[in-house]
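Each remark here refers to the structure printed beneath this line.
Numbering of ligands and ligand atoms starts at 1, following listing order.
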Amino acid sequence: MQTTKPHAALLASPGMGHFIPVLELGKRLVSEHGFNATVFVVTTDTSLSQSQLLKKSHPIPKLLDIVLLPPVDISTLINPTTGILAQLAIMMRQALPSLRQAISAMKFCPTALIVDIFGTEAFAISEELNMLKYVFITSTAWFLALTIHLPTLDAKVVEEEHVRNHEPLMIPGCSSVRFEDTFEPVLDRNNQMYIEYIRMGVQMPTADGILVNTWQDLEPKTLGALGDKRKLGWVAQAPVYAVGPLVRPVKPGSSSDVLGWLDMQPQQSVVYVSFGSGGTLSAKQTTELAWGLELSEQRFIWVVRPPVEDDAAAAIFKTGHRSDNTPDFLPDGFLTRNQKKGLVVPMWAPQTEILSHPSVGGFLSHCGWNSTLESIVNGLPMIAWPLYAEQGMNATMLTEDIGVAVRLKSTPPVVVSREEIETTIRQVMEDKGDAIRARAKTLKSSAEKALSKGGSSYNSLSYVANDCEIRLRYIKTKAEG
Ligand code: UDP
């Protein structure tokens, strides 16, 4: 038995960077393409509280359900050297039995399963239950190109040319990836991260379609190569659908201390500083950033986390305060000296609301793809400070291809000096700001056009919806006849 509407089951891996775009994709399928949708979230302790937070603070359409799968415990399956990407892959593997059980228990089997990059092993479930299967890349088409191309490259060549000799990784029809921007799992093929990443690259082309959170006019060259059989099309196999930019919308009528403070600042005068949901800096780097902000004499909002040494992706809270309540990891007196100019927000801020505020004039970002898209849809110039994962590639694309950012010259583990931070912030907020802002505003309109009815991203999702309709009709006819 089936309903008359196609039903998409979406699977999000832990972390806001995955959950937010997967949820937005589900919302769009429901509100614009006539679907029912269920978003399954694989939870850890933090993702549990984060998804509850989102559930509370966002209007979720009636026909969309969020189901939290039971938290997975991977403590016995990892060791201190297991990288974050491998940990996510293991979590997703451990969650498969509960996903299977949850889908099997549904009154009507969903028409399609849509997973993010860490969920491709769930394709076995969609095959078993006769569902269409899609992967949704919550990053760029360029990152997708790297991921599906890598398994076809000779591992020895990668090791000798890229890892040892620091030569760029060539991808047919796409920009090559410089060693400085490389994706960490590529660096050691004995590491579990490499093995998991290659597996994902092999499994993705077996999907009925690959959705990407980008749009045609943002990455025309790469999307062209992915669709061209003489370039990457023969590897991609499945059709590639650019469906973005899917970003979390501003919550209507939001108010908070941060937004109240922004209301009192001049237009485009504030630089917003944030390193995403997991980014952390060392103690030395946190001090340099504090001084850099102060020396730049710009207004700022800084989402600040306690420093963590040697792990740019660790967001672990430590407390401790000085005389004027300045946390002990910021220079003494920092809050007092900057109380008129700046706001320090511990751990987490309402980012989409901040970025859409007219007082914000620039974004110093780790270049996570969601943050990047949120910046672009608000027409904001960026200061690119990539930390880990594919953020180096994103930073290069933003500065060299798209022209909406200025990148700091020093890269981790080199500590970026306060002088460099000061100069780069000034460049974006003062000197080069207008030119980059004009480019960012053009992209903002191109993004709006892509998503509107008849636009390229709207049409791409319509093709997916159409395939789901056909599958639904086929299953119904088979069941009736
Ligand atoms: N985010 C937020 N407040 C914060 C930090 C992050 O709302 O203080 C949101 C941000 O708007 C974005 C997501 O968390 O939607 C982070 O995703 P991104 O891809 O930028 O980075 P990641 O966290 O995956 O590194």
Side-chain angles (χ1 to χ4, degrees), residues 12-25 27 41 44 46-47 49-58 83-85 87-88 116-118 136-140 143 183-184 212-214 244-251 254 256-259 262 271-281 300-306 308 311-317 343-357 360 363-378 380 382-395 397-398 404-405 412:
S13 52
M16 291 300 260
H18 309 127
F19 178 58
I20 289 173
V22 169
L23 179 64
E24 289 311 316
L25 175 63
K27 282 159 78 174
V41 190
T44 61
T46 41
S47 60
S49 52
Q50 284 170 351
S51 51
Q52 278 163 348
L53 182 102
L54 257 182
K55 210 170 170 177
K56 262 194 240 147
S57 63
H58 277 265
I84 185 81
L85 187 143
Q87 289 188 35
L88 282 166
D116 67 34
I117 187 172
F118 295 101
F136 176 37
I137 303 300
T138 58
S139 182
T140 61
F143 177 67
F183 187 53
E184 201 192 334
V212 200
N213 203 2
T214 188
L246 300 179
V247 298
R248 190 160 68 90
V250 170
K251 196 182 157 208
S254 338
S256 65
D257 290 351
V258 183
L259 297 176
L262 275 174
V271 58
Y272 172 64
V273 182
S274 167
F275 297 95
S277 58
T280 43
L281 304 176
F300 65 84
I301 294 177
W302 179 11
V303 185
V304 80
R305 304 224 164 92
V308 179
D311 188 356
I316 306 155
F317 207 167
L343 209 59
V344 166
V345 181
M347 300 307 284
W348 192 261
Q351 181 162 305
T352 46
E353 286 75 15
I354 290 174
L355 292 176
S356 65
H357 196 287
V360 174
F363 183 11
L364 190 163
S365 168
H366 73 316
C367 304
W369 193 239
N370 294 292
S371 295
T372 301
L373 292 177
E374 288 158 13
S375 192
I376 291 177
V377 301
N378 285 296
L380 287 173
M382 292 170 76
I383 297 139
W385 187 330
L387 294 178
Y388 57 95
E390 88 296 15
Q391 294 156 13
M393 291 171 69
N394 297 349
M397 188 169 133
L398 291 169
V404 289

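A donor atom on one side chain and an acceptor atom on the other are found under 3.5 Å apart for Ser13 and Asp116.
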Intermediate values then yes/no, side chain to side chain contact (heavy atoms under 4.5 Å, CB included), Tyr272 and Leu380: CA-CA 10 Å; Tyr272 172 64; Leu380 287 173; over 6 Å; no
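Residues that satisfy the ring pair (Phe, Tyr, Trp, His ring centres under 6.0 Å) test with His18, not counting sequence neighbours, are Phe118. Residues passing the ring pair (Phe, Tyr, Trp, His ring centres under 6.0 Å) test with Trp385, sequence neighbours excluded: Phe275. For Leu343, the side chain to side chain contact (heavy atoms under 4.5 Å, CB included) partners two or more places apart in sequence, or in a different chain, are Val258, Trp261, Ile301.
Under the 30°/60° scheme for interplanar angles, the aromatic rings of Phe143 and Phe183 are found to stand perpendicular.
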Ligand 1 polar-atom proximity to protein (N/O, under 3.5 Å):
unit_1: ligand 1; atom_1: 3 (N); unit_2: Ala349; atom_2: O; d: 2.7
unit_1: ligand 1; atom_1: 7 (O); unit_2: Arg248; atom_2: NH2; d: 3.2
unit_1: ligand 1; atom_1: 7 (O); unit_2: Ala349; atom_2: O; d: 3.4
unit_1: ligand 1; atom_1: 8 (O); unit_2: Ala349; atom_2: N; d: 2.8
unit_1: ligand 1; atom_1: 11 (O); unit_2: Gln351; atom_2: NE2; d: 3.2
unit_1: ligand 1; atom_1: 11 (O); unit_2: Glu374; atom_2: OE1; d: 2.7
unit_1: ligand 1; atom_1: 11 (O); unit_2: Glu374; atom_2: OE2; d: 3.2
unit_1: ligand 1; atom_1: 15 (O); unit_2: Glu374; atom_2: OE2; d: 2.6
unit_1: ligand 1; atom_1: 17 (O); unit_2: Asn370; atom_2: ND2; d: 3.4
unit_1: ligand 1; atom_1: 19 (O); unit_2: Trp369; atom_2: N; d: 3.4
unit_1: ligand 1; atom_1: 19 (O); unit_2: Asn370; atom_2: N; d: 3.1
unit_1: ligand 1; atom_1: 19 (O); unit_2: Asn370; atom_2: ND2; d: 2.8
unit_1: ligand 1; atom_1: 20 (O); unit_2: Ser371; atom_2: N; d: 2.8
unit_1: ligand 1; atom_1: 20 (O); unit_2: Ser371; atom_2: OG; d: 2.5
unit_1: ligand 1; atom_1: 21 (O); unit_2: His366; atom_2: NE2; d: 3.1
unit_1: ligand 1; atom_1: 23 (O); unit_2: Ser277; atom_2: N; d: 2.7
unit_1: ligand 1; atom_1: 23 (O); unit_2: Ser277; atom_2: OG; d: 2.4
unit_1: ligand 1; atom_1: 25 (O); unit_2: His366; atom_2: NE2; d: 2.9
unit_1: ligand 1; atom_1: 25 (O); unit_2: Tyr388; atom_2: OH; d: 3.4

